[in-house]
Amino acid sequence: MSHTGRPRRHLLIAEDEAHIASYLAERFTAQGFRTTVVTDGEAARRAAMSGNYDLMVLDVGLPGENGFTVIARLRAASSALPVIILTARDTVADTVHGLEGGADDYMTKPFSFEELLARVRLRLRLRESDSSVLRRAGIALETRTRQAYVDGRIIQLSARETALLEHLMRNAGDVLSREDLLCDVWGYEASEGSNVVDVYVRYLRRKLGAHRITTVRGQGYRLGGDELA
């Protein structure tokens with residue numbers, strides 16, 4: 001926790017040039033952020049889909065999947081993670097491609113860290129103002145109104161259904177055990193024979209579509225399937 005009592009924002013830095021990655025990590029850490037560095041496109045996409053980060057600073061020229069592909073796949077999976085592209089590609093065509101492809105901002109190298117920091121803080125403020133809406137795995141959840149938007153449909157949820165879906169969405173792609181869900185969503189330890197989690201998963205499947213929540217035998221439940229792989 002920061003000195004203000006708020007959790008430190010966690011930035012994902014996708015950059016394969018070691019000196020730039022270490023510079024960014026060091027400077028952002030000095031500004032009170034947590035940072036994680038990944039060095040290829042697939043690792044960037046997988047980390048971005050984990051729900052563990054508040055914003056990604058993304059280089060275009062990554063090994064494997066390039067940055068444009070990473071963003072396209074994130075947005076196709078309904079990830080709303082803010083992404084700032086930081087790249088040496090400075091043509092108008094590249095900038096337009098990046099922004100129209102789903103990036104929230106586009107900066108070129110060489111760059112001013114102070115300007116990048118200002119843009120990161122702006123994107124985080126904008127995200128906070130829309131923090132009641134979650135987007136993962138083709139679902140948009142409005143937590144204040146308890147409404148989900150799926151395939152053009154508006155679905156009304158109960159308070160407990162909303163809480164369970166929100167937890168699954170914030171951990172999209174991860175397998176969550178029944179015991180963890182009972183503790184995190186209901187707030188108490190699992191009692192032997194309790195099936196309340198299974199009951200509410202059935203409710204959500206009925207409303208959202210059975211394929212959206214996967215049962216992992218012997219382990220628990222996961223929101224999203226192959227589209228998050």
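Qualifying side chain to side chain contact (heavy atoms under 4.5 Å, CB included) partners for Arg75, counting only residues two or more places apart in sequence or in other chains: Ile71, Ser79, Val83, Asp104. For Phe111, the ring-ring contact (aromatic ring centres under 6.0 Å, His included) test picks out no residue, with sequence neighbours left out. Contacts of Arg146 classified as salt bridge (charged side-chain N to carboxylate O under 4.0 Å, His left out), with partners at least two apart in sequence or in another chain: none. Here Asp94 pairs with Phe68, Arg89, Thr91, Tyr106 under the side chain to side chain contact (heavy atoms under 4.5 Å, CB included) rule; sequence neighbours left out. A search for side chain to side chain donor-acceptor pair (under 3.5 Å) contacts involving Thr39 returns nothing, not counting sequence neighbours. Not counting sequence neighbours, the partners of Gln219 by the side chain to side chain contact (heavy atoms under 4.5 Å, CB included) test are Val175, Val216. Residues passing the side chain to side chain contact (heavy atoms under 4.5 Å, CB included) test with Ile154 are Gln147, Tyr149, sequence neighbours excluded. Every residue two or more places apart in sequence or in another chain that forms a side chain to side chain donor-acceptor pair (under 3.5 Å) with Arg205 is listed here: Thr215. Under the side chain to side chain donor-acceptor pair (under 3.5 Å) criterion, Tyr221 pairs with Arg178, Asp198, sequence neighbours left out. When the side chain to side chain donor-acceptor pair (under 3.5 Å) test is applied to Thr108, no partner is found at least two apart in sequence or on another chain.
Rounding to the nearest 0.5 angstrom, the gap separating the CG atom in Leu223 from the OG1 atom in Thr214 is 8.0 Å. Atom CG in Asp184 sits 12.0 Å away from atom CD in Glu166 (nearest 0.5 Å). In this structure, Met56 CE and Ile84 CD1 are separated by 10.5 Å, a value rounded to the nearest 0.5 Å. Ile85 contributes atom CD1, which lies 6.0 Å from atom CG of Leu58 (distance to the nearest 0.5 angstrom). Interatomic distance, Asn52 CG to Leu12 CG, rounded to the nearest 0.5 Å: 9.5 Å. Leu165 contributes atom CG, which lies 6.5 Å from atom CD1 of Ile213 (distance to the nearest 0.5 angstrom).
Using a 4.0 Å cut-off between a side-chain N of Lys or Arg and a carboxylate O of Asp or Glu, Glu42 and Arg73 do not qualify as a salt bridge.
You'll find the side chain of Ile13 stays beyond 4.5 Å of the side chain of Val38, heavy atoms only. Taking the side chain as every heavy atom from C-beta outward, Leu86 and Val60 never approach each other to under 4.5 Å. Two residues are said to be in side-chain contact when any heavy atoms from C-beta on lie closer than 4.5 Å; Leu116 and Val120 meet this criterion. Taking 4.5 Å as the limit, every side-chain heavy atom of Arg222 sits out of range of all side-chain heavy atoms of Leu176.
Nearest heavy atoms, Asp59 versus Leu62: O-CG, 3.4 Å. Across all their heavy atoms, Thr35 and Ala25 have their closest contact at OG1-CB, 3.7 Å. Closest approach of Ala21 and Val37 over heavy atoms only: CB-CG1, 3.8 Å. A pairwise comparison of heavy atoms in Leu74 and Ala48 identifies CD2-CB, 3.7 Å as the closest pair. The two residues Val201 and Leu164 come nearest to each other via the heavy atoms N-CD2, 4.0 Å. Scanning both residues, Ala148 and Leu157, for their nearest heavy atoms gives CB-CD1, 4.1 Å.
For residues 16-40, the pairs satisfying salt bridge (charged side-chain N to carboxylate O under 4.0 Å, His left out) are Arg27-Glu114, with sequence neighbours left out. Every pair passing ring pair (Phe, Tyr, Trp, His ring centres under 6.0 Å) that includes a residue from residues 14-67 is listed here, sequence neighbours excluded: His10-Tyr53, Phe28-Phe33, Phe28-Phe113.
Only one option out of Arg202, Lys207, Arg206 pairs with Glu161 in a salt bridge (Lys or Arg N to Asp or Glu O under 4.0 Å); it is Lys207.
Between the side chain of Arg212 and the main chain of Leu208, a donor-acceptor pair closer than 3.5 Å is present. Side-chain N or O atoms of Asn171 include none that pairs as donor or acceptor with a backbone N or O of Asp174 at under 3.5 Å.
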- request: Quick one: do Ser158 and Tyr200 satisfy side-chain contact (heavy atoms from CB on, under 4.5 Å)? Show the steps, please.
  value: CA-CA 10 Å; Ser158 69; Tyr200 274 86; 4.3 Å; yes
- request: Decide side-chain contact (heavy atoms from CB on, under 4.5 Å) for Arg160 and Trp186; before the verdict, give the C-alpha distance in whole Å, the side-chain angles of both, and the deciding distance to 0.1 Å.
  value: CA-CA 8 Å; Arg160 190 66 69 186; Trp186 277 263; 3.4 Å; yes
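Both Ile155 and Val199 sit in one connected hydrophobic cluster of ILVMFWY residues. Membership requires side-chain heavy atoms under 4.5 Å apart, directly or through other members.
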